[in-house]
Amino acid sequence: MSEIRAGTAAPDGSYDVAVIGYGPTGVTAANLLGAAGLKVVVLERDSEIFSRARAISTDEEVVRIWQRAGLAERLKQDMLTERPVDFVDASGRSFISARPTPRGHGHPPQMFIYQPALEQVLRDGVRRYPNVEILLGHECLRVRQDADGVELTVAGTTDDTVRRLRASYVIAADGGSSLTRAQLNIGYEGRTYEDRWVVIDTRMLKPWPDHDKLRFHCDPARPAVDCPTPLGHHRYEFPLLPGDDEKQLTTKDAVHQLVSRYGIGRDSIEVLRATVYSHHVRFATRFRVGRIFLAGDAAHAMPPWIGQGMAAGVRDVANLCWKLDAVLRGELPESVLDSYETERKPHVREVTKRAVLVGRVITERRPPVTRVRNTVLRTLGRFPRFSARLQDANWIPVARYDAGLQAPSRTKATGHQVPQPWVTDADGERVRLDDALGGRWLVLHARAAAPTPAWDLPGVPALTITPVGSEPAEGALVDSDDVLLPWMAGHGATTLALRPDAYVYASAPAGVPLPPPPPGFAPSLVRPPRPPPPPSEDTGTMTTTPTSLPTMRETTYDVGGRKIFAAETGEGPAVLLLHGGGPGASGVSNYARNIAELAKEYRVVVPDLPGYGRSTKGIDAADPFGDLASGIRALLDELDLEKAHLVGNSYGGACALRLALDTPDRVGRMVLMGPGGIGTTRALPTPGLNSLLNYYGGDGPSRLKLEKFIRNHLVFNAADIPDSVIDERYRASLDPEVIAAPPLRRPSGPGAVRTLVKMDFTRDRRLSRLPVPTLVLWGTRDKVNRPSGGRMLAERMPNCDLYLVANTGHWVQFERAHLFNRLCADFLAGRR
């Protein structure tokens, strides 16, 4: 992504989609469109994120949408989840207590947010995509359509420069006062409530009883909202009463006076800001005019009582973006874009009705009516059926489309979004359903696949859902949580055709064929890669080309009758980088993102381990780790090094650990990344390790087998691996000597059990006495060696530090290069 601020020349050219507005709706659209591989430009008149926290909560369905953008887990780190909700009377006595219950989307049902932090994570997500241009400090002055697209006249807000851009389609997410909506002469019908509310954001200095509970103070004298927000914040909202001075009521003294009625003293909170808002109920008369679509507050506005204003905008673009992608790719005709308003508008209206109803309960100002309200609801709460309805707090309409892009209904499932349980894929991995579906059109069968001739198209895979306890198999998903099959049975369906957003396009009961696909449907055989994780201060731009390698001295050493190749650069204390044991591995390729940084203060030696690269092939199958350690120890002798630091990944980590156990005096400090040989006899091999060990078996090596291992098992984010890496390693894996005697293989023969035990370091008593200071880095998403191995080492080794690295697979030094380089350099130098 390029981020351009006012005063900088904007790029020329045309775009697939222009997004006007970069709030939660616009930034979600930018992520979804960026992940689809479309060329996108985003226009935002402000230069920074809006500092006021407007939205304060969201729900599981919205987080499921952000999951499609690869951001859900990062966003949830900054959220408060599953807090209780209380409606209390003037004396603070509850008359409705509720705790939101899950709807089946795979995330907590309600989460409180701090909007500026949430928007920052979403914007960081957009940075992953070089196909998305962000123009901050730029305002769209005019949109003009023709048969081929939309021309946008854009002005810099600080320098008054004017330029023109073109896009095939435009999403106007420019807020309730949308200039785009006004230019299109679209009505914005509804009402603005007379009551104005002061919204107060605070920082919590010390906790108080029930500070983490959402309470609606339904006091007729002055209602109030008392809401926890994450990252040490807290929100209050109060209406302005007749006679209140708006300016005075937003002062810090007035704010402290307002909250003091609930026992909150000046020493409990710091007032960050207080602003007055009005509540609106409004709907645009149209959501689409030709190639321009309104989304979020530009299309509708609702009161805040059930926290759905921001959520509605996110749902808008989730519905729209995949359709734009399909039309631009030629998968669907342009007419399907009419279904955006058909599907979204009824749901928004229903959500708004419920928000208005809840608001009436909260803001009722007539004391006699509030007394009746409190008594009746408190009494009804004693009856189990009514109490259960209140406890569920399911005030948000279920995801369902009655019309739009769907086939004629043959079961109750059509138009619904399927739930998202955890499932087990063909590799035996437990994943969320949407991650397994991959955002594509596909057919799901609830039993053995039935004929679906109309859907037997290239690009539309079919999957069979098998019951909990079934064995993983190709073309099947195991319903691990026993959710999906009961859901299908409850809706009378045995076969579903799913849209890319997991809504049911068509469904059929047993023995009935599925309705055909949409007219003009031409599914693409090529899908964009799944979105990579967002960049962070540790990862930087992790999908960019790694730092260029420095000039390295290359030497082949004669070591005990075999040759070991090593490349070397830098000056200072010696560090040996020992690579992993995957097919085609070599030292330099394994550490391409680390050598230059470490060479700034160390003498870096990068050997090809025996059996790999340009070193002699063949490993002692009876004691492979011992044989590797012997070879590297002999290399230290050739390098005239009495002692060196060791850095080892996977197979190289096992080599380093064995060398340290055998001769601890030869090792200074040690850094291990997902090392092999940890707990290997205490559990069955992982799917990733099985894939690795099977590479040379069966029908022999192939590029497809290697790509599947690397992309599906070796790393967390498949998009981070260039095709050139796979090509290079595949060519290296075809060495005839390696094919004849693979260096990494399952022990076999009479001594196999003895070899297995020797290869499991957790059974080596020397581990608890090892004096070498050790840093262990282990990716939490490692599918080759289990992350629990890190804890095993930390518990057994007396001088072991353990870092579990989030959203990272088996290649910590590659996937999180910036983090790794800093931690490794500091640890080896004794700075941490």
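All of these numbers come straight from a predicted model, not from anything done at the bench.
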For residues 566-581, please give each side-chain donor-acceptor pair under 3.5 Å, one per line with the distance, not counting sequence neighbours.
residue: Glu568; atom: OE2; partner: Arg553; partner atom: NH2; Å: 3.0
residue: Glu568; atom: OE2; partner: Arg603; partner atom: NE; Å: 2.5
residue: Glu568; atom: OE2; partner: Arg603; partner atom: NH2; Å: 3.1
residue: Thr569; atom: OG1; partner: Thr551; partner atom: O; Å: 3.3
residue: His579; atom: NE2; partner: Leu609; partner atom: N; Å: 2.9

Side chain of [X], backbone of [Y]: donor and acceptor closer than 3.5 Å?
X	Y	result
Arg614	Asp608	no
Ser768	Arg796	no
Asn785	Gly674	yes
Lys705	Tyr695	yes
Thr686	Val784	yes
Asn594	Gln813	yes
Arg432	Gly106	yes
Glu429	Pro687	no
Asn649	Met673	yes
Thr755	Ala622	yes

Distance check, rounded to the nearest 0.5 Å: [X] atom [atom1] versus [Y] atom [atom2]?
X	Y	atom1	atom2	answer
Gln67	Asp434	CD	CG	5.0 Å
Met759	Thr680	CE	OG1	6.5 Å
Phe625	Asp760	CZ	CG	9.0 Å
Ile619	Asp627	CD1	CG	5.0 Å
Arg74	Leu122	CZ	CG	10.0 Å
Arg729	Ile721	CZ	CD1	9.0 Å

Before giving the answer on side-chain contact (heavy atoms from CB on, under 4.5 Å), spell out for Thr774 and Leu793 the whole-Å C-alpha distance, their side-chain angles and the decisive distance to 0.1 Å.
CA-CA 10 Å; Thr774 303; Leu793 286 176; over 6 Å; no
Which pair of heavy atoms, one from [X] and one from [Y], lies closest together, and at what distance?
X	Y	result
Ile564	Pro607	CG2-CB, 4.2 Å
Gly611	Pro743	O-CG, 3.7 Å
Gly668	Pro773	O-CD, 3.6 Å
Arg562	Gly618	NH1-O, 4.0 Å
Val812	Phe820	O-CB, 4.2 Å
Leu646	Val667	CD1-CG2, 3.7 Å

[X], [atom1] atom: more than 12 neighbouring heavy atoms under 6.0 Å:
X	atom1	value
Asp665	CG	yes
Arg430	CZ	yes
Glu471	CD	no

List in chain and number order the residues that pass ring pair (Phe, Tyr, Trp, His ring centres under 6.0 Å) with Trp811, two or more places apart in sequence or in another chain; answer none if no residue qualifies.
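Result, ring pair (Phe, Tyr, Trp, His ring centres under 6.0 Å) vs Trp811: Phe814.
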Set of residues satisfying ring pair (Phe, Tyr, Trp, His ring centres under 6.0 Å) with respect to His645, sequence neighbours excluded
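None.
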Report yes if the side chains of [X] and [Y] come closer than 4.5 Å at any heavy-atom pair, otherwise no.
X	Y	answer
Pro701	Tyr696	yes
Ile726	Arg711	yes
Val671	Leu777	yes
Tyr591	Val604	no
Val647	Phe827	no
Thr780	Phe716	no

Option passing side-chain contact (heavy atoms from CB on, under 4.5 Å) with Asp425 (candidates Val478, Asn712, Leu477)
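Only one option passes, and that is Leu477.
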Partner of Leu636 by side-chain contact (heavy atoms from CB on, under 4.5 Å), out of Val559, Leu641, Val605:
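Checked Val559, Leu641, Val605 against Leu636; only one passes side-chain contact (heavy atoms from CB on, under 4.5 Å): Leu641.
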Donor-acceptor pairs are to be reported for all side-chain atoms of residues 734-741 against protein atoms at under 3.5 Å, with residues two or more places apart or in another chain.
residue: Asp735; atom: OD1; partner: Glu737; partner atom: N; Å: 2.8

With a 4.0 Å cut-off, would you call Arg791 and Glu795 a salt bridge?
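Result for this pair is no, no salt bridge flagged.
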For the pair Lys600 and Glu597, find out whether any cationic side-chain nitrogen is under 4.0 Å from an anionic carboxylate oxygen.
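Counted as a salt bridge, because a side-chain N and a carboxylate O are separated by less than 4.0 Å.
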Report the residues that fulfil salt bridge (Lys or Arg N to Asp or Glu O under 4.0 Å) with Glu474, sequence neighbours left out, ordered by chain and then residue number.
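Expected list: Lys708.
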Taking side chain to side chain donor-acceptor pair (under 3.5 Å) as the test, write out the residues that go with Asp662, two or more places apart.
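Residues passing side chain to side chain donor-acceptor pair (under 3.5 Å) with Asp662: Arg658, Arg766.
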